[in-house]
Undergrad: 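Dumping the structure here so I can ask a few things about it.
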Amino acid sequence: YESVSIAGQDKIARFSCASASFEKGKVLLPEQAPWLDDYTNELLRFPHAKHDDQVDSTSQALLWRRNKSHLDTSRRPNPKRRSGRMYIRR
């Protein structure tokens with residue numbers, strides 16, 4: 001990955017940059033969670049959903065992690081601690 005600046009980008013541009021992580025299967029979500037339906041519905045309906053705060057925070061987190069990953073390759077997610085957490089595979 002190359003570093004991506006999110007400064008000055010709108011929500012659609014940020015999510016467009018971050019969506020590659022989803023497309024490549026690098027984002028893991030729990031199979032069940034009380035918030036999962038609302039979260040996935042918001043992501044799938046973006047940018048036409050009534051709310052988009054979770055989309056925006058997700059894209060910012062994914063882009064932050066993507067930019068940071070070239071600096072820190074020592075930390076790997078613990079597969080036993082997936083519940084309620086979002087991990088990006090490398």
Side-chain angles (χ1 to χ4, degrees):
Y1 293 114
E2 63 185 54
S3 182
V4 175
S5 173
I6 61 172
Q9 292 185 359
D10 66 10
K11 292 179 182 187
I12 295 172
R14 280 193 299 270
F15 193 70
S16 179
C17 291
S19 65
S21 296
F22 285 97
E23 293 166 1
K24 292 179 181 180
K26 294 188 177 206
V27 177
L28 302 177
L29 298 171
E31 291 181 16
Q32 295 181 347
W35 49 266
L36 190 58
D37 286 340
D38 290 336
Y39 179 74
T40 54
N41 283 331
E42 186 175 312
L43 289 176
L44 295 173
R45 293 180 180 168
F46 181 77
H48 305 292
K50 182 177 180 181
H51 302 287
D52 61 9
D53 294 336
Q54 294 182 105
V55 173
D56 196 32
S57 60
T58 298
S59 63
Q60 290 181 40
L62 290 171
L63 292 172
W64 174 84
R65 183 65 184 133
R66 181 170 146 182
N67 291 339
K68 187 180 181 311
S69 68
H70 74 279
L71 301 174
D72 179 14
T73 58
S74 63
R75 294 190 60 178
R76 302 280 181 203
N78 180 347
K80 294 179 182 178
R81 297 181 63 196
R82 287 187 182 174
S83 179
R85 292 187 166 88
M86 176 175 52
Y87 293 113
I88 303 170
R89 291 186 196 155
R90 295 189 211 170

Undergrad: Using the side chain to side chain contact (heavy atoms under 4.5 Å, CB included) criterion, which residues pair with T40? Sequence neighbours excluded.
TA: L29, L36

Undergrad: A side-chain contact here means heavy atoms from C-beta on lying under 4.5 Å apart; do H51 and D56 qualify?
TA: no

Undergrad: Is the ring pair F15/F22 parallel, tilted or perpendicular, if the boundaries are 30 and 60 degrees?
TA: tilted

Undergrad: Do you know the tightest heavy-atom contact between S16 and S19?
TA: O-OG, 2.9 Å

Undergrad: Return the minimal non-hydrogen interatomic distance between Q54 and E42, and the atom names on each side.
TA: N-OE2, 2.7 Å

Undergrad: Taking atom SG of C17 and atom CD1 of I12, what is their separation to the nearest 0.5 Å?
TA: 12.5 Å

Undergrad: Would you say that R14 contacts L63 through its side chain, given a criterion of any heavy-atom pair below 4.5 Å between the two side chains?
TA: yes

Undergrad: State plainly whether one hydrophobic cluster holds both L43 and W35, where clusters connect Ile, Leu, Val, Met, Phe, Trp and Tyr through side-chain heavy atoms under 4.5 angstrom apart.
TA: yes

